[in-house]
Amino acid sequence: MSLPASLAPIVLFCFNRPAHLQQTIEALQQNMLATESELIIYSDGPRNKSDETLVADVRTYIASITGFKHIKIHHSEQNKGLAASVIRGVTEVLNQFEKVIVLEDDMLTAPDFLVFMNEALTAFESRKDVFSVTAYGPPISFPAHYKQDLYLAPRASSWGWGTWLSKWNKADWEVTAFDELEKDKTKRNQFKSGGEDLWPMLVKQQRKVIDSWAIRWTYSQFLNDAYGVYPVHSKIRNIGTDGSGTNFTFKTGYYGSEVSDSKIRIDPNIVPDHQVIQAFADYYKLPLALKIKNRIKYRI
């Protein structure tokens, strides 16, 4: 697979974690295509007084970044929150470039992350049943027969991912068919084929308990019978599960820490493997305590 004539821009969302952001940027600067890639940074504003110093530190740091073809920085005076920032920022960049690579401020990338993402965006662009590609591969147990380097899963990843304008434009951010899905057990079960955590997240999103662009993006993928493309061996590691994040406010090592530097063989005609999808879904099974909490507190 050869690289495209024009590389996808990198869009990076950051808020109030200067130390995490610096690690993210330093890893990205080591990427083979960094100096040929556009970097567009969206810096969210403080939620309150206590955020102001950290947000200021973030902005001092991002003003000093070098090592990319061109760097554009968007500062928000008000706090938009991650969901609104991502939806608006990705839309703006896609309207200009038609494809995009998206990172948040707590992602360590392998040196060939940008190579893989650009190759994957080229390879799968024309497939109507693929809405996104990601460099994150959760540590699932693969069946012995599976020899591909990539697989399809009925879920969109929010960690080191990419998409195209033609697919992003199909997103339903209002989740307009939620009532229909709530009443249809068969469709609900189909939706949960990407993980049984998906339905509780979507319910909480609609009840405004959480504010997640990612669950709505996965829901949009489901509506269009589409998949996300995942690597068997991850090229990205999340360092934000230490209790510092907006969405991860508890510490966990649950998401795996291995980052592969091996070349990924990209088959643009890859087909879904039901055993792999089942193993993927098993990884996202909810702990019993959380199921009980969802049932008692949220009646889900």
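For the single chain, residues carry numbers from 1 onward in sequence order.
Tyr42 and Glu92 share a side-chain donor-acceptor pair at under 3.5 Å. The closest side-chain donor-acceptor pair between Asn224 and Lys167, if any, does not fall under 3.5 angstrom. For the residue pair Thr134 and Trp159, no side-chain donor N or O sits within less than 3.5 Å of a side-chain acceptor on the partner.
Checking Asp197, Leu202, Val175 one by one against Ile215, the side-chain contact (heavy atoms from CB on, under 4.5 Å) holds for a single residue, Leu202.
Using cut-offs of 30° and 60° for the angle between ring planes, the Tyr151 and Phe280 rings count as perpendicular.
Looking at heavy atoms from C-beta onward, Phe124 lies in side-chain contact with Ile266 at the 4.5 angstrom threshold. Taking the side chain as every heavy atom from C-beta outward, Phe13 and Asp44 never approach each other to under 4.5 Å. A 4.5 Å side-chain heavy-atom check between Leu152 and Val271 finds every atom pair outside the cut-off.
Looking at residues two or more places apart in sequence or on another chain, you find a salt bridge (Lys or Arg N to Asp or Glu O under 4.0 Å) between Arg265 and Asp149.
Classification of Lys147 and Asp267 as a salt-bridged pair fails, no side-chain N sitting under 4.0 Å from a carboxylate O.
Each salt bridge (Lys or Arg N to Asp or Glu O under 4.0 Å) pair with one or both residues in residues 291-300, not counting sequence neighbours, appears once here: Glu196-Lys291.
A donor-acceptor pair is defined here as one N or O able to donate and one able to accept, closer than 3.5 Å; such a pair exists between the side chain of Arg59 and the backbone of Ser43.
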